[in-house]
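See structure below.
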Number of protein chains: 2
Amino acid sequence: MSVPDLPESEPSLDFAADVFERACPSREVIHTVTGRWGTLALVALGEGPYRFSALRRRVDGVSERMLSQTLQQLERDGFVHRDVQETIPPKVEYTLTARGVQVAAQLQSLIDLVEAQMPDILTDQAAYDARHP
Amino acid sequence: MSVPDLPESEPSLDFAADVFERACPSREVIHTVTGRWGTLALVALGEGPYRFSALRRRVDGVSERMLSQTLQQLERDGFVHRDVQETIPPKVEYTLTARGVQVAAQLQSLIDLVEAQMPDILTDQAAYDARHP
DNA sequence: CCGTATCCTTAACGATACTG
DNA sequence: CAGTATCGTTAAGGATACGG
């Protein structure tokens, strides 16, 4: 009993992703997107296109190295488009792809939620710290 | 010219949170929530209450140490409630607070989005890797 | 201007062993 | 069962300097 040929119209990247499984590739994508700088870069680009330096100023505290690395990962996963203009001096503009717009919107909602509750969260933190000396 | 007294009806935890600012406390909260294990723990608890060991099995790959640490942070920020039953053997149940339900829902949406696009993302990754030898 | 390369420091993580 | 403690390892991160 051999395995019958698959109907191979599409290269069979069709599978069920599940972040709860240790080896699922979706985990690393989620990690890229929700990483310390990934989230901020995506949400910033949700405001509109940015050039490298401007984005670096917007995302306060990020180093050149980490911003560069983060943008590469986001580009690789198809969330960000990198547009190079071969002028002198060179000009590189980063924009969100359609996919990037979707996740940026989700992340923006999450941030809005958390920011709105920050006063209450700080109160809860203080109470917790008082209970755990 | 002295600073006039604030109308202090509330203990003035009223401020504008902004994740883009390096020192804003909302950053660490976002980091807790979107951290490698924070996200998975919150989404798992979105399915219903879990005991420690069951949660550890659900979140495939997490160590005892990291799960414990993650849950403490989530409890401190008021996303998770920890219910201890002093039986023998002891039984500890974790549930989401109202605040936790909100963020878990957001994270679930994000994960659904990413999981749905995983086939396309893998294709994009392969194309990117081919372009960057 | 837009990064990459290098070096170094810190923080995150995992495995294991052990306690209430 | 539900963790904490300790140790060693790995990965993330920052500073700086240099190249296209």
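Throughout, protein chains are lettered first and strands after them, A, B, ... in sequence-line order, and every chain is numbered starting at 1.
In this structure, E21(A) does not pair ionically with R58(B), as no charged nitrogen and carboxylate oxygen lie closer than 4.0 Å. Note on R76(B) versus E28(B): salt bridge recorded, some NZ/NE/NH1/NH2 to OD/OE distance being below 4.0 Å.
Straight-line distance from the CZ atom of R56(B) to the C1' atom of dC13(C): 13 Å, rounded to whole Å. Rounding to whole angstrom units, CD of residue E64(A) and P of dG19(D) are separated by 15 Å. For R27(A) and dC13(C), the CZ to P distance is 12 Å, given to the nearest whole Å.
The listed nucleotides are dG3(D), dA12(C), dA12(D); the one nearest the side chain of H31(B) is dA12(C). For V92(B), taking side-chain heavy atoms from C-beta onward, the closest of the listed nucleotides dG14(D), dG3(D), dC1(C) is dG3(D). Of the candidates dC2(C), dT6(D), dA2(D), the closest approach to any side-chain atom of R65(B) belongs to dT6(D).
Backbone-only engagement by R82(A) is indicated by non-hydrogen atom pairs under 4.0 Å involving sugar-phosphate atoms exclusively.
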Run D83(B) and V92(B) through side-chain contact (heavy atoms from CB on, under 4.5 Å) and show every step you take. CA-CA 6 Å; D83(B) 187 36; V92(B) 180; over 6 Å; no
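Here S53(A) reaches the OP1 or OP2 of dC2(C): one of its side-chain N or O atoms lies under 4.0 Å away. Dashed line: the shortest gap from a side-chain N or O of S68(A) to OP1 or OP2 of dC2(C) is not under 4.0 Å. Note on Q69(B): every side-chain N or O is 4.0 Å or more away from OP1 and OP2 of dA12(C). Remark: Q72(B) is in phosphate contact with dT4(D), judged by side-chain N or O atoms under 4.0 Å from OP1 or OP2. Y94(B) has a side-chain polar atom (N or O) that falls below the 4.0 Å cut-off from OP1 or OP2 of dG3(D).
When each of M66(A) and P90(A) is assigned the nucleotide of DNA chain D bearing its nearest heavy atom, the one mapping closer to the 5' terminus is M66(A).
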